[in-house]
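Some notes on the structure that comes next.
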Amino acid sequence: MNAQETGLKRQIGLFGAVSILVGAVIGSGIFMTPGTVAAAAGSFGPFMIAWVLAGASGILCALVYSELAPAMPEAGGPYVYITEAFGKPGGFVYGWSMTIGNYIPLVAMLATGFATNFAKLVPGITATGIKMIASAIILALMILNICGTKLGSTVANIFTVGKLLALILVIVGGFFILSPENFTTVVPDAQTGASGVLSAAFPAFLAFGGYYQLAYMAGDIKNPEKTLPRALIIGMVVVIAVNILISVACVGTVGFAALAGSETPVVDAGTAIFGTAGTVIVTIGACVSIFGALNGGIMSYPRVTFSMSQHGLMFKSFGRLHSKFNTPYVPTLFICLVALVFVWTGSFSTLLAINVFAGRILECVVCLSLLVLRKKRPELKRPLKMPGYPVTTILAIAITLAICLTCTPAQMLKSIGLMATSIPAYFIFRAISKKSA
C-alpha cells in the first residue's frame, strides 16, 4: 500500500525508525527480569548467551511483522493476519487467548513489579501491602484511561524519559566499580548446558516485546522496503546491547549469586553503586518506567478486543464506547478487574511465566500465518517481504518454540488453560450472535 492510498506522509528516516523501536522495546522488562534470567542460567556465560538468543528470536519475529503489517494495515494487527490465514475462529481464538493469557497477566505482573520496587522506598511494606498497592495502581489507571485516551497518552509521554535515565546511570556507574570475582559465582541448583541457556532465555523474552509497533508504522517510513528491515535489525541489536550492558553492570556490582532471583535487580545494582541515594534514584526510575508501561498497556490492550468487536469477532458489549469519554470502557473494565484476581492469586514469577509463554506461543502463530498467507494469498500486495523467507520464518518459530518449551509443566498448563478458555468463549459468542441475528 503506497503513501497515496493511506494518506500518510513518509517522514521517518532510518534514525527515526530505530529510535521509535528502541523506545518501544526498552521499557519495564529490563528492570525486572535480569534476576530471573540469572537464576535460570546458573552462571555468567549462559546468562549472556540467553540474552542474545532471546534477542535473535525478537529480530526474526519482528521481520515477520515487517511483511505482514504493511500488507494488511487494518486496525487490530496480528488478529487480522490470523483471521485472514485461519478464518474467523482462528482470529477469535488468537484475540481472546492474547487478552486472557498475555495482556491480563502482564497488567498484573507490571502492577506487582511497580509495587515491589516502590516497597524499596518505604521499608516495612508487607507482601499483602505490595498486593494492595498493585491493586490500587490498576484501579487508578483504569479510571484514568476510561476518562480519556488523551489524558492517558499525556501520562505515557511524561513517564517515558525516566527509564532511560535510570538505566544510563546504572550502566555508567556500574562499569567504574566492577569486581571480577562477581562474575565467577554460580547458582548451584540451576540447569546447565543448552537447557540452562534456553531456560534463561525464556524470562529474557519479557525485555524484547514491542518490536511490532514499528511495523505498524510502515506507511510513515521513507523508502520502507529498505528502511524498515534495517531499522528492525539495527534497533533490536541496540536493544540487545543495552540489555547486555545493564546485565553486566548488575552482575559486576552485586555479584551473580546475589543477583539471581532478585525482583529488583537494577535497584540492587544502583544501591551497590551509589548507596542510599542510588536506591532512591534508580527505584524512582524503575517505578516511572514500569508505571509508564502499565499505563500504556491499560490504554492499548482493550483496543484489540474493541477492534475484534467492530469486525464481528467479539461480543458486542466489547465494542461499546463510553457515552461521555468516547473510550472502550467495557474491555478496559474487563482486563483491569480480572487482572486484580491475578494480582492476589499469583506470584511475580508465575505471572511472568504465564505471560511470556502465552505471548511467545501466539507469536509463533503469527509467524505461521505468514507461511499460510504466502500460499493462500499470493496476489496480496506486499510492499516488503521477509528477508531469507522461508528459512528465517521457520527459524523464528523453531527458536521461539524451543525456548517456550523450557517453561515448567505447571506454569505451561496454567497458560494453556487460560488460552483454552477461548474455545468455549467462541461457541458462546457464536450462539449469542445467532440469537441476535
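Since this is a predicted model, take the numbers as computed values, not measurements.
Judged purely by atom type and a 3.5 angstrom limit, Ser422 uses its side chain to pair as donor or acceptor with the backbone of Met419. Side-chain atoms of Thr327 come within 3.5 Å of backbone atoms of Ile146 as a donor-acceptor pair (strictly under, hydrogens ignored). Of the possible polar contacts, none joining the Thr393 side chain to the Tyr389 backbone as a donor-acceptor pair under 3.5 Å is found. Ser97 places no side-chain N or O within donor-acceptor distance of the main-chain N or O of Tyr94, the cut-off being under 3.5 Å.
Interatomic distance, Met32 CE to Thr116 OG1, rounded to the nearest 0.5 Å: 9.0 Å. Considering CD1 of Ile354 and CG of Leu413, their distance stands at 11.0 Å, rounded to 0.5 Å. Taking CG of Leu395 as the start and CD1 of Ile399 as the end, the distance is 4.0 Å to the nearest 0.5 Å. The distance from the CD1 atom of Ile246 to the CD1 atom of Ile171 is 4.5 Å, given to the nearest 0.5 Å. Put simply, OH on Tyr329 and SG on Cys147 are 13.5 Å apart, with the number rounded to the nearest 0.5 Å. Distance check: Ile394 CD1 to Leu370 CG gives 10.5 Å after rounding to the nearest 0.5 Å.
Leu373 and Arg382 get closest at one heavy-atom pair: O-NH2, 3.0 Å. Taking both residues in full, the closest heavy atoms of Phe357 and Ser415 are given as CD2-OG, 3.4 Å, listed atom of the first, atom of the second, then distance. Counting all heavy atoms, side chain and backbone alike, Ser309 lies closest to Met314 at N-CB, 3.5 Å. When all heavy atoms of Phe306 and Gly319 are compared, the pair lying nearest together is CE1-O, 3.2 Å. Contact between Leu63 and Pro387 at its shortest, heavy atoms only, is CD2-CD, 4.3 Å. When every heavy atom of Gly297 is checked against every heavy atom of Pro302, the shortest pair comes out as O-CD, 3.8 Å.
Between Leu167 and Val282 there is no side-chain heavy-atom pair separated by less than 4.5 Å. Looking at Ser349 and Thr36, their side chains never come closer than 4.5 Å, going by heavy atoms from C-beta outward. Side-chain atoms of Leu352 and Gln411, non-hydrogen and from C-beta on, never get closer than 4.5 Å to each other. For the pair Leu294/Ile298, a side-chain contact is recorded, criterion being any heavy-atom separation below 4.5 Å from C-beta on. Side chains of Leu368 and Cys364 form no contact here, defined as non-hydrogen atoms less than 4.5 Å apart. Counting only heavy atoms from C-beta outward, the side chains of Val93 and Phe86 never approach each other to under 4.5 Å. The side-chain heavy atoms of Met308 and Thr83, taken from C-beta on, include no pair separated by under 4.5 Å. Residues Phe47 and Leu259 are in side-chain contact: their nearest non-hydrogen atoms beyond the backbone lie under 4.5 Å apart.
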Please determine whether side-chain contact (heavy atoms from CB on, under 4.5 Å) holds for the pair Tyr65 and Leu232, giving the CA-CA distance in whole Å, both sets of side-chain angles, and the decisive distance to 0.1 Å.
CA-CA 10 Å; Tyr65 279 86; Leu232 286 165; over 6 Å; no

CA sep, side-chain torsions, deciding dist, call: Ile403, Arg360, side-chain contact (heavy atoms from CB on, under 4.5 Å):
CA-CA 9 Å; Ile403 295 173; Arg360 302 314 299 187; over 6 Å; no

Before you tell me yes or no, could you show the steps for Val18 and Arg230 under side-chain contact (heavy atoms from CB on, under 4.5 Å), namely the whole-Å CA-CA distance, both residues' side-chain angles and the distance that decides it to 0.1 Å?
CA-CA 9 Å; Val18 171; Arg230 289 176 183 174; over 6 Å; no

Decide yes or no on side-chain contact (heavy atoms from CB on, under 4.5 Å) for Phe208 and Ile59, but give the supporting numbers first.
CA-CA 9 Å; Phe208 291 102; Ile59 290 174; over 6 Å; no

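Under the ring-ring contact (aromatic ring centres under 6.0 Å, His included) criterion, Phe348 pairs with no residue at all, not counting sequence neighbours. In terms of the ring-ring contact (aromatic ring centres under 6.0 Å, His included) criterion, Phe205 has no residue partners (sequence neighbours excluded). Every residue meeting the salt bridge (Lys or Arg N to Asp or Glu O under 4.0 Å) condition with Glu84, not counting sequence neighbours, appears here in chain and number order: Arg377. Here Thr400 pairs with Ser57 under the side-chain hydrogen bond (donor to acceptor under 3.5 Å, both in side chains) rule; sequence neighbours left out. The side-chain contact (heavy atoms from CB on, under 4.5 Å) test applied to Ala119 returns Ile125, Ile130, not counting sequence neighbours. Judged as a ring-ring contact (aromatic ring centres under 6.0 Å, His included), and not counting sequence neighbours, the contacts of Phe44 are Phe183. Thr350 is linked by a side-chain hydrogen bond (donor to acceptor under 3.5 Å, both in side chains) to Ser347, counting only residues two or more places apart in sequence or in another chain. Residues passing the ring-ring contact (aromatic ring centres under 6.0 Å, His included) test with Phe429, sequence neighbours excluded: Phe92, Phe315. With sequence neighbours excluded, the residues forming a side-chain hydrogen bond (donor to acceptor under 3.5 Å, both in side chains) with Asp268 are Lys120, Ser262, Thr264, listed by chain and number. With sequence neighbours excluded, the residues satisfying side-chain hydrogen bond (donor to acceptor under 3.5 Å, both in side chains) with Ser135 are Trp344. Residues satisfying the side-chain contact (heavy atoms from CB on, under 4.5 Å) test with Ala204, not counting sequence neighbours, are Val37, Trp51, Ala54.
Taking a 6.0 Å sphere around NZ of Lys316, one finds it holds 12 or fewer heavy atoms contributed by other residues, nucleotides or ligands. Annotation for Ile423: atom CD1 does not count as buried by contact number, only 12 or fewer foreign heavy atoms lying within 6.0 Å. Atom CE of Met132 has 12 or fewer neighbouring heavy atoms from other residues, nucleotides or ligands inside a 6.0 Å radius. Other residues, nucleotides and ligands contribute over 12 non-hydrogen atoms within 6.0 Å of the NZ atom of Lys131.
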Identify every side-chain donor-acceptor pair in residues 98-113 under 3.5 Å, counting partners at least two apart or on other chains, and give the distances.
| unit_1 | atom_1 | unit_2 | atom_2 | d |
| --- | --- | --- | --- | --- |
| Thr99 | OG1 | Gly95 | O | 2.9 |
| Asn102 | ND2 | Asn355 | O | 3.0 |
| Thr112 | OG1 | Ala108 | O | 2.8 |

